[in-house]
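The block underneath contains the structure these notes are about, expressed in structure tokens.
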2 protein chains.
Amino acid sequence: MAARDLQERIKKLIVDRRLPSGAPLPTEPELMEFLGASRNSVREALKALQAMGIVEIRHGFGTYVGPMSLAPMVEGLAFRTLAGHHRGEDSLLQLLELREAMEAGLVSRLAGRLPEADLTELAALVDRMEERAAQGAGLTETDRAFHAMLYRGLDNVLLSEVLEAFWDAFHRVQRDLVEVAEEPRVTGRRHREILDAVRSGDSIRAEKAIRDHFGNIRARLSDAVMTRPQDPHTHHNERV
Amino acid sequence: MAARDLQERIKKLIVDRRLPSGAPLPTEPELMEFLGASRNSVREALKALQAMGIVEIRHGFGTYVGPMSLAPMVEGLAFRTLAGHHRGEDSLLQLLELREAMEAGLVSRLAGRLPEADLTELAALVDRMEERAAQGAGLTETDRAFHAMLYRGLDNVLLSEVLEAFWDAFHRVQRDLVEVAEEPRVTGRRHREILDAVRSGDSIRAEKAIRDHFGNIRARLSDAVMTRPQDPHTHHNERV
DNA sequence: GGGTATTTGTTCGTATGTATG
DNA sequence: GCATACATACGAACAAATACC
């Protein structure tokens, strides 16, 4: 039997039975009988589906429909970027430019359209960012939260997830690759300017604020010591 | 050994040895010895990596580093959208809105910046589109080519691939799901307007042209008979 | 075209680890 | 602790595809 077929038929089974995320799949013996294949073939198909985030396998417990998150996309993008970088390509810069292009286009549409509730939440995040900057603490957590919150107003879950996926991929690779020379004060200022610009309703100013922010990151990227050829003990992904 | 570890170590092997796309990987017996695992475990790890597009397995020939394309992302997005639709969500519409948001933001930056060579190629594509419309032929091929060519001028390979991936995912699901009521003449006009707007250098006009184009698709989506619950013989993916 | 070696595909049997009751 | 159910892992064998002589 073609192994590709097995994957297709399992996917079809999920769709046909309208199984939602978290629903239990048939056990391996049941799938063996249903698909008419051996245990190993079924397992290989399930492994492939698990890699795509379509199913979730819990040891000694069972197989379930996966959360349908974009985690596999992060995985793939991160590896692609990492491998490209080690081969001398500017893949990390390209990933950053991709984020910049998307966010610049979106923020201009967002200017002046955010509800007050979102704005106050964003303000709280910037406050927290500057607070942590003063303490010399890391800003990545708050940065992620800020960007996620910013585009929540677009009211498109898929779009939000895609943006977060790109954020995750970028920071995963950056963390494993370069020594970031952060300038916390500057980062805080950039985000406050983004917030103010969005609040003011000035699309052009908002887009410029985003581009300045990304320009800052890009500069840090060039200055950074791009030389950490390989350190053997980076296990940088626990399956989500 | 944990199966997750095997995947990580194979990925690490690719990165460490700087293997480019298409380079041969060790054979299964070699990997068994190198990783200290059984053949089944190695195969399951390879299957998972294959699903992520990181390796490519050719029967009776060998295992190779994959093309690092975004094909797995298309796969995952398409399934997620398909499953969501069958569960009553408006996932297909969300995917369309994602494309619209990205293209609208990008095309405004593109207006007036495309080299003459690209513009003539785009014009040729629109001609071909109207030609095929007159013959009653399908427009999907030329539509894909148009959108791909349009954003080539951004000079970011990753961004282009992401856009094409979203295009592919959307059309894959649409094809399997709805009866498209195409209005070829209208589609042709919309694309000519996009081209003219981009050539004119008017950002606002270009963005409006894109939004009109997507608005047209959205309308067709709502009108379409959304009822093709399941036809058993759709094997809609050959691994790339 | 045929034969053989190499490589991946598929199957079976068996033992082990893990969570539930 | 014990029994059950399930996933995990290993080893061995044969089938199918491909390359090379």
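Note that the structure is a prediction, hence the values are computed from the model and not measured. Residue numbers begin at 1 in each chain, while the letters A, B, ... track the order of the sequences.
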Quiz item: If you take all heavy atoms of B:A51 and A:A51, which pair is closest and at what distance?
Solution: CB-CB, 4.1 Å
Quiz item: Partners of B:R87 by side-chain contact (heavy atoms from CB on, under 4.5 Å), sequence neighbours excluded?
Solution: A:P20, A:M68, B:A83, B:E89
Quiz item: Which nucleotide, C:dG9, D:dT8, C:dT11, lies nearest any side-chain atom of A:E28?
Solution: D:dT8
Quiz item: D:dC6 C1' sits how many Å from A:I57 CD1, rounded?
Solution: 12 Å
Quiz item: Taking CD from B:E44 and P from C:dT11, how many angstroms apart are they, rounded to a whole number?
Solution: 14 Å
Practice problem: For B:R58, answer base if it contacts any base atom (sugar-phosphate contacts may also be present), sugar-phosphate if it contacts only those atoms, and nothing otherwise; contact means non-hydrogen atoms under 4.0 Å. | Solution: sugar-phosphate
Quiz prompt | Distance test, side-chain N/O of B:S41 to OP1/OP2 of D:dC10, below 4.0 Å | solution = yes
Quiz item: Which heavy-atom pair separates A:L106 from A:Y151 by the least distance, and what is that distance?
Solution: CB-CE2, 3.8 Å
Exercise. Using atom CD of A:E33 as one end and atom P of C:dT11 as the other, report the distance to the nearest whole Å.
Key: 15 Å
Quiz item: Starting at CG of B:L31 and ending at P of D:dC10, how long is that distance when rounded to a whole Å?
Solution: 14 Å
Exercise. Round to the nearest Å and state the distance from A:L35 atom CG to C:dT11 atom C1'.
Key: 15 Å
Self-check item: Contact under 4.0 Å: A:R39 side-chain N or O vs C:dC12 OP1/OP2
Solution: no
Quiz prompt | side-chain contact (heavy atoms from CB on, under 4.5 Å) involving B:R17 - partner list, sequence neighbours excluded | solution = B:L13, B:L19, B:P26, B:F34
Quiz item: Given that B:E30 and B:K47 both sit by DNA chain C, which one's nearest nucleotide is further toward the 5' end?
Solution: B:E30
Quiz item: Is there a donor and acceptor pair, one atom on the side chain of B:N40 and one on the base of D:dG11, closer than 3.5 Å?
Solution: yes
Practice problem: Figure out the CZ/P separation between A:R43 and C:dT11, and round it to whole Å. | Solution: 15 Å
Atom pairs, N/O to N/O, protein against nucleotides 16-21 of chain D, distance under 3.5 Å?
from	atom 1	to	atom 2	distance (Å)
D:dA16	N3	B:H59	NE2	3.3
D:dA17	O4'	B:H59	NE2	3.4

Self-check item: A:E75/A:R172 salt bridge by N-O under 4.0 Å criterion
Solution: yes
Quiz item: Counting side-chain heavy atoms from C-beta on, which of C:dT11, D:dG11, C:dT8 comes nearest to B:T27?
Solution: C:dT8
Self-check item: Distance in angstrom units between A:L46 CG and D:dA9 C1', rounded
Solution: 16 Å
Practice problem: Answer yes or no: is there an ion pair linking A:R39 with A:E44, defined by an N-O contact shorter than 4.0 Å? | Solution: no
Self-check item: Minimum-distance pair of heavy atoms, taken over all atoms of B:S69 and B:P72
Solution: O-CD, 3.6 Å
